[in-house]
Amino acid sequence: MSEHRPPNSHNASDGSPSSRLSFLLITFVAIALIWAGRLVYLQVIKAEEYSSAAAASRTVSVDISPRRGTIYDRNGNVLATSVDATTVYGNPKEIEDIEKTASILSEVLGGDASDYRELLEQDTTFVYLKRKADVDTADALKKHALSGIYFLEDTKRVYPYGKVAGQVLGFVNVDGEGVSGLELYYDDILKGAPGKLVVQRGGGGIPIPGGTEVDEPAKDGQDIVISIDIDMQSYLEKRLAEGVEQIGGDDGGAVLMDASTGDLLAIASTPYFDPSDPSNSEVGSDSLKPVTQAYEPGSIFKTVSMTALLEAGAVTPDTTVFAPAGLAADEYVISDAHERGDMTMTARYVMQDSSNVGISLLVESYLGFAPLYDKIVSYGLNDATGIDYPGEAGGYLAGNVETWPQILKYNVTFGQGISNTPLQMTRFYGALINDGVAVTPHLLLSKPQSDEVISYETERIIENIAAIEPMISMLETVVEEGTGVGAAIEGYRVAGKTGTAEYVDEETGLYAKNSYNLDFVGVLPDASTPLVCFVGVNEVPYERNTTEVFKDIMTEAINRYRVVQSS
C-alpha cells in the first residue's frame, strides 16, 4: 500500500529553491565566522607581535652610550672622565661608490681601505665604521657628504694623567664597560645605562627623512672620589721605577697608606700601565701586584712573630736566647744572612740584626708554633684585606701545625714557607701605630652626587696593647743601628723592618740561588699623620736593600702632608 503525502510537502534534500537558499546561508555564515575569527586573531591576539615585526623590518635600533661617571682624586683632580666623541656608521645599501667611500674613510678615519670595503659590502642596513672617533675627525668626514654615512653623538674615556695611577684606575672597552681596576670594580656605579636610538628605513633600507628618534634616553653614570693623591702617586711611581733600576731588580711595588683611616694615598707596581693605550702596555701591567700577588715576605714577618711573643708576655726586648751559628731542622740547617759564630742574643738584637736562628728559637722556647699560627690568623694575615680592587689575593699558611715538619715551623717565624701580599703586611704594620686596630685598606672615599661618604670596617688585631710600645722600640733600633739604617729620616721617629726573602724559580721549582726578593716596611710612630709605607723589589742581588727608596717616598709624604713629630 503506497504512502500518501500532502500535495505541497517536501524534505530538506529535495533540491527545492528553499533548501538551496538555506545551504548557501549557512555556508556564508560559516565563512564569515572564520574570517572574523582570523581578523580577531591577527588584529587582537597577534597584533603586538606583527606590529613589532613590521616595525623591526623598517627600523634599526642603535645603543646610545651614557656618559660614564668621572673619577676624581682626593683633591678634586680629574683622573678619568668621558669627553664628547662621534661614532660613524653606514648603510651599505645606500653606498653608491664603495671603492671611493672606503678610500675616503681610510684617509680621514685611518686604517685600511680594504677593511672599510669589506664592511660596506655586507648585506645589511647598518655597520659601525668607527666607534668613538674624535669630534674633529668626524667633522672632517662630514665635509665629504658621503651617501650612506651617518654620525652619532657619543662619548669616550680619557685619562688626563696617562700612566700615573693607570693600574689603580684600569680601563674600559669600546662599549664603555670596565675591564680592570676601579673601572671594573665600580662599573655598576660609573657606567650608567645605555639609551636607544631608532632609525626608520623605507624601501631598500633608505632612511626616512625625520625618521630618527630617541626611543629611550641614556642614563649617565655617577662620579666617584678616591683616596689616591695623584701628585703623591706620581712621585711614588717615579721613585719606585728608579729604585728598581738602581737596585737591579726585575720589578717592584710600593704602598703608602694612612694607618688611621685605611686611605691608600699611593700604590703601584712596575711595569706601569697606560689606560689610554692598553694594547701597547705589557701583559699583566694593569694589575696592582701589592694587592693581587702573594709572596713569601721574608724578614719583615719577624715583626709578626715578635709581636705574638710580646702579646703573650713571654719575652721583653731584653730577653736572651742562645743562637748557634747554624740550627738543624730535619735535613736542613738554618743560618743567618751574615756569617757569625755562636752567640747569645737579646730579643732586640734578634730584630736589629734580623737573625733567623734567633727568632726561630725565641718562638720555639717561649711561645710555641701552634700559638704563633693562631696569632697569624687573628692578625688577618691568612685572609684578604677586603680592599675595593678586583682580584685581591689572600695569604696562605698550611693548617694543622702538628703535621708541620720542623723546617717549616722555623721558616714561618721569619717569613718563609708562608705567603702574604704587601698590602696585608702594610695593614699589619699600620695597626702597630693605630693602637692595635687594623683598618680596611681602600680606594673609594665618596659618591659626590648622592653625598654618600663610605665607611669601612676596623678590627682590633693586637689585643694586648702593652706589646705595642716595646715592638715599636725594637723596630726603631732596626732603623737606628741595624739593617734598616738607610730608612732613617732626620727629625722623625722611623720604625721598620727589612726583609730578604728567597723565591721559587719557576723553571726549576726550587729556591733561586744568589737572587732574592727585598722589602722594607716602615711607620712613623707618634706623628700627626700615622703613615705606613711598604717598598719591595723582586729578584735582585743580595747586597742591596730598599730602605733608600722608602726614605725618599716617606720624606716626600712628610713634606707634602706637613707631618710633624708629636713626641
> Does some side-chain heavy atom of Pro290 sit less than 4.5 Å from a side-chain heavy atom of Ile267?
Replying inline: yes
> Stepwise, does the side chain to side chain contact (heavy atoms under 4.5 Å, CB included) test hold for Thr458 with Thr440?
Replying inline: CA-CA 6 Å; Thr458 62; Thr440 301; over 6 Å; no
> Can you tell me if Ser566 uses its side chain to pair, donor with acceptor, with the backbone of Asp526 under 3.5 Å?
Replying inline: yes
> Lys302 pairs by side-chain hydrogen bond (donor to acceptor under 3.5 Å, both in side chains) with which of Asn356, Thr498, Thr307?
Replying inline: Asn356
> Hey, mind stepping through Tyr185 and Tyr389 against ring-ring contact (aromatic ring centres under 6.0 Å, His included) and telling me if it holds?
Replying inline: CA-CA 6 Å; Tyr185 195 91; Tyr389 188 86; 7.8 Å; no
> Quick one: CD1 on Ile224 to CG on Leu79, what's the gap to the nearest 0.5 Å?
Replying inline: 9.0 Å
>> Under a 3.5 Å distance rule, please check whether Thr426 uses its side chain to pair with a backbone N or O of Pro422 as donor and acceptor.
In response: yes
>> Does any part of the side chain of Val439, heavy atoms only, come nearer than 4.5 Å to the side chain of Tyr456, both counted from C-beta?
In response: no
>> I need the minimum non-hydrogen distance between Val537 and Thr546, along with the two atoms involved.
In response: CG2-CG2, 3.8 Å
> Using a distance-only test with no angle check, is there a side-chain donor-acceptor pair under 3.5 angstrom linking Tyr295 and Thr421?
Replying inline: no
> How close do Val563 and Ser528 get, heavy atom to heavy atom, and via which atoms?
Replying inline: CA-OG, 3.4 Å
>> Quick check on Lys132: does its NZ atom have over 12 non-hydrogen neighbours (other residues, nucleotides or ligands) under 6.0 Å away?
In response: yes
> With under 30° as parallel and over 60° as perpendicular, where do the rings of Phe369 and Tyr410 fit, or are they tilted in between?
Replying inline: perpendicular
>> Donor-acceptor check, side chain of Asn173 to backbone of Glu177, threshold 3.5 angstrom: yes or no?
In response: yes
>> Set out, in order, the CA-CA distance, both residues' side-chain angles and the distance that settles salt bridge (charged side-chain N to carboxylate O under 4.0 Å, His left out) for Lys409 and Glu364, then state yes or no.
In response: CA-CA 9 Å; Lys409 292 177 180 178; Glu364 182 176 47; over 6 Å; no
> Is it the case that more than 12 heavy atoms not belonging to Glu463 sit under 6.0 Å from its CD atom?
Replying inline: yes
>> What I want to check is whether the side chains of Thr346 and Thr320 have a donor and an acceptor closer together than 3.5 Å.
In response: no
> Between Asp552 and Arg239, does at least one N-O distance fall below 4.0 Å, as a salt bridge requires?
Replying inline: yes
> Would you say the side chains of Tyr429 and Thr303 form a donor-acceptor pair under 3.5 Å?
Replying inline: yes
> Side chains of Tyr561 and Glu556: is there a donor and an acceptor less than 3.5 Å apart?
Replying inline: no
>> Please confirm whether the ring centroid of Phe171 lies under 6.0 Å from the ring centroid of Phe273.
In response: yes
>> Just verifying a value: how many Å separate Leu264 CG and Leu443 CG, rounded to the nearest 0.5 Å?
In response: 5.0 Å
> Does the pair Asp84/Arg67 count as a salt bridge with the N-to-O cut at 4.0 Å?
Replying inline: yes
> Would a distance-only check, ignoring hydrogens and angles, find a side-chain to backbone donor-acceptor pair under 3.5 Å from Gln424 to Thr385?
Replying inline: no
> Is the number of heavy atoms from other residues, nucleotides or ligands under 6.0 Å of Glu452 CD greater than 12?
Replying inline: yes
>> As a quick check of understanding, evaluate salt bridge (charged side-chain N to carboxylate O under 4.0 Å, His left out) for Lys163 and Asp274, giving each step before the final call.
In response: CA-CA 4 Å; Lys163 287 185 177 182; Asp274 187 352; over 6 Å; no
> Any donor-acceptor pair under 3.5 Å linking the side chain of Asn75 with the backbone of Asn77?
Replying inline: no
> Is there any salt bridge (charged side-chain N to carboxylate O under 4.0 Å, His left out) pair reaching into residues 419-444, and which pairs are they, with sequence neighbours excluded?
Replying inline: Arg427-Glu459
> Is there side-chain contact between Val363 and Met306, with at least one heavy-atom pair below 4.5 Å?
Replying inline: no
>> Taking Asn420's backbone N and O only, do any of them form a donor-acceptor pair with Tyr396's side chain (distance below 3.5 Å, no angle check)?
In response: no
>> Less than 3.5 Å apart, any donor N or O on the side chain of Arg157 or Ser82 sitting next to an acceptor on the other?
In response: yes
>> For Asp188, is there any backbone N or O sitting under 3.5 Å from a side-chain donor or acceptor partner on Gln222?
In response: no
>> Could you tell me if Ser354 and Lys497 have a donor-acceptor pair between their side chains, going purely by distance under 3.5 Å?
In response: yes
> For residues Asp263 and His442, is any side-chain donor paired with an opposing acceptor at under 3.5 Å?
Replying inline: yes
> Are a donor atom and an acceptor atom from the side chains of Thr292 and Ser287 found within less than 3.5 Å of each other?
Replying inline: yes
>> Could you check whether any side-chain heavy atom of Ile461 comes within less than 4.5 Å of a side-chain heavy atom of Val437, counting everything from C-beta outward?
In response: no
> Does Leu381 reach the side chain of Phe428, with side-chain heavy atoms less than 4.5 Å apart?
Replying inline: yes
> Going by atom types only, do Thr547 and Asn545 share a side-chain donor-acceptor pair under 3.5 Å?
Replying inline: yes
>> Please enumerate all residues that pass side-chain contact (heavy atoms from CB on, under 4.5 Å) together with Thr555, with sequence neighbours excluded.
In response: Ile489, Lys551, Asn559
> Any side-chain donor-acceptor pair under 3.5 Å between Arg348 and Thr477?
Replying inline: yes
> So does Phe322 have more than 12 non-hydrogen atoms from other groups sitting under 6.0 Å from CZ?
Replying inline: yes
> Has the side chain of Asn434 got a donor or acceptor atom that lies under 3.5 Å from a matching backbone atom of Gly436?
Replying inline: no
> Do Asp318 and Thr316 meet the criterion of a side-chain donor-acceptor pair at a distance under 3.5 Å?
Replying inline: no
> Among Asp220, Asp187, Asp175, Asp223, which one satisfies salt bridge (Lys or Arg N to Asp or Glu O under 4.0 Å) with Arg68?
Replying inline: Asp187
>> Has Thr155 got a side-chain atom pairing as donor or acceptor with Val83's backbone, closer than 3.5 angstrom?
In response: no
>> Quick check: closest heavy atoms across Gly415 and Phe301, and the distance to 0.1 Å?
In response: CA-CB, 3.5 Å
> Can a donor-acceptor pair be found between the side chains of Asp251 and Thr270 at a distance below 3.5 Å?
Replying inline: no
>> Please check if the number of heavy atoms outside Ile454 that lie under 6.0 Å from its CD1 is greater than 12.
In response: yes
>> Whether the side chain of Thr319 engages the backbone of Ala347 through a donor-acceptor N/O pair (distance < 3.5 Å, no angle test) should be reported.
In response: no
>> Testing the 3.5 Å rule here: is there a donor-acceptor pair between the side chains of Gln416 and Glu296?
In response: yes
> Does the side chain to side chain contact (heavy atoms under 4.5 Å, CB included) test come out yes or no for Tyr272 and Asp286, once each step is laid out?
Replying inline: CA-CA 7 Å; Tyr272 300 133; Asp286 60 331; over 6 Å; no
> Would the Phe520 and Phe550 ring centres measure less than 6.0 Å apart?
Replying inline: yes
>> Testing the basics here: between Ala557 and Leu256, what is the closest heavy-atom pair and its distance to 0.1 Å?
In response: CB-CD2, 3.9 Å
> Is a side-chain donor-acceptor pair under 3.5 Å present for Ser360 with Thr413?
Replying inline: yes
